[in-house]
Amino acid sequence: MPTAPERLALTDLGVAGCDAVLDLPGARRFHAESVRRWVFKRGARAAADMTDLPREMRRALAERYDVRRTRVALERRSRDGTIKLLLELRDGHTVETVMIPEGVRRTLCVSTQVGCGVRCAFCASGMLGLVRNLSPGEIVEQFLTVRELLAAQGEALSNMVLMGGGEPLNNFENVKTALDALNSPRGAGFGARRITVSTIGIPAKIDRLEELGQQINLAVSLHAPNEELRGRLIPGADRVPLAAVLAAAARFFARSGREVTYEYVLLRDVNDTPECARQLARLLQGARCRVNLIPLNDVRGLPFRRPTPQAVERMAALLEEKGIRTTVRRSRGRDIDAACGQLRRRHASGAALPRPDRAAP
Ligand code: SAH
């Protein structure tokens, strides 16, 4: 029996793709404009919401397309204001999206793949490998969903980081369509300079980063100051020599004038030693960059531990001493499994799910 062609979601079409609605009977240019506005700006959930379209067109639109394709399977709120959502995709897979408040900032941490093929040794997302890429709409809907939650409490997102599950540059085309929909004045209108793409460091893709938005920011996950250690922490095929990663980051800075952030997950007694700090300082000497130290969020079943607070301080101090601007990331939402793939893992393993209530504990 032939299977019906899969229905598309309007969020998947992207800004230009919404012109597809011009195929509907009687559709004119301004109807396509209207659809774009409803989907990305006004956050319609169904064609029936699009009240300035003729009724016939709404019906035809609903026959052909869904507006969205994800639903919130779980919503958890931390005492510290962090909100974590587990979104269920149409095929039953789940991804996490997290909103982190910090002063006046409201940062959204977006996933780009189900699972991840890079398989960093300390990361929950890669434990089961890559399941599949997220579609453009599945990326955009993380933003739309959280934007609505915040609007309900009179707040708005200020920043977005592609630092959730997955390697964004391994899903380049869909990430590109999604960021264009978020970025474009005809889409959600969220400025590229407020968006950061975090990558394990894939030079050929870093060289194409402008395609994702002229003013996009780059973060590179380094994690080790030498080849041998980086090879142990990132055993996957996506790892390229450190020199090539740094050169690509330097090219990015030269083109864009935008400073690169290096992320460095601190693992106790593995990469948090004074010797590692000295090597890292030497490696980054003279580069226009900053370092973001991330104390490990423990992942059950993996053989790494959080560094001691003293080791974190020592690392930061040694780098600063060498003139490298360094920040330490505070862990947020630990009471709700907010960190890095914890909730999805719990869900996938069939373990008892946390209570789906919305109240803070
Ligand atoms: N694949 C991209 C983006 C996703 S991960 C990348 O590698 O940058 C975003 C950041 O979270 C990366 O720096 C990653 O190394 C870090 N991370 C992964 N697992 C972590 C853990 N258990 N504790 C703390 N940070 C973690």
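As the structure lists them, so they are numbered: ligands from 1, and atoms in each ligand from 1.
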Within the 4.0 Å heavy-atom shell around [X], which atoms of ligand 1 are there?
X      : value
Ile294 : 24 (C), 25 (N)
Val299 : 22 (N)
Glu263 : 10 (C), 13 (O)
Cys123 : 18 (C), 19 (N)
Ser221 : 6 (C), 7 (O), 8 (O), 12 (C), 13 (O)
Ser198 : 2 (C), 3 (C), 6 (C), 8 (O)

Using heavy atoms and a 4.0 Å limit, tell me yes or no: is Val118 in contact with ligand 1?
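False for this residue.
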Query raised in the report: Does some non-hydrogen atom of Gly164 fall short of 4.0 Å from ligand 1?
Result: yes
Short side-chain to backbone donor-acceptor contact, Glu96 and Gly164, under 3.5 Å =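 The answer is no, because no donor-acceptor pair under 3.5 Å joins these two groups.
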Within the structure, does [X] bring an N/O atom to less than 3.5 angstrom of an N/O atom in ligand 1?
X      : result
Phe122 : yes
Arg329 : no
Gly166 : yes

Does any donor atom in the side chain of Thr327 or Asn292 lie under 3.5 Å from an acceptor atom in the other side chain? yes
Looking at Glu33 and Lys41, does any basic side-chain N land under 4.0 Å from a carboxylate oxygen? no
Is the shortest distance from a Lys or Arg side-chain nitrogen in Asp66 or Arg90 to a carboxylate oxygen in the other one below 4.0 Å?
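Counted as a salt bridge, because a side-chain N and a carboxylate O are separated by less than 4.0 Å.
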Check your understanding: Less than 4.5 Å apart, any side-chain heavy atom of Met57 and any of Met50?
Key ->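 No; the side chains remain at least 4.5 Å from each other.
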_I'd like to check Leu284 versus Leu246 (side-chain heavy atoms, cut-off strictly below 4.5 Å). Are they in contact?_
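The answer is yes; the side chains approach within 4.5 Å.
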Which residue, Asp12, Asp91, Thr11, forms the side chain to side chain donor-acceptor pair (under 3.5 Å) with Arg69?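 Of the listed residues Asp12, Asp91, Thr11, the side chain to side chain donor-acceptor pair (under 3.5 Å) partner of Arg69 is Asp12.
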Closest heavy-atom approach to atom 5 (S) of ligand 1 among Arg306, Met163, Gln113 is made by Met163
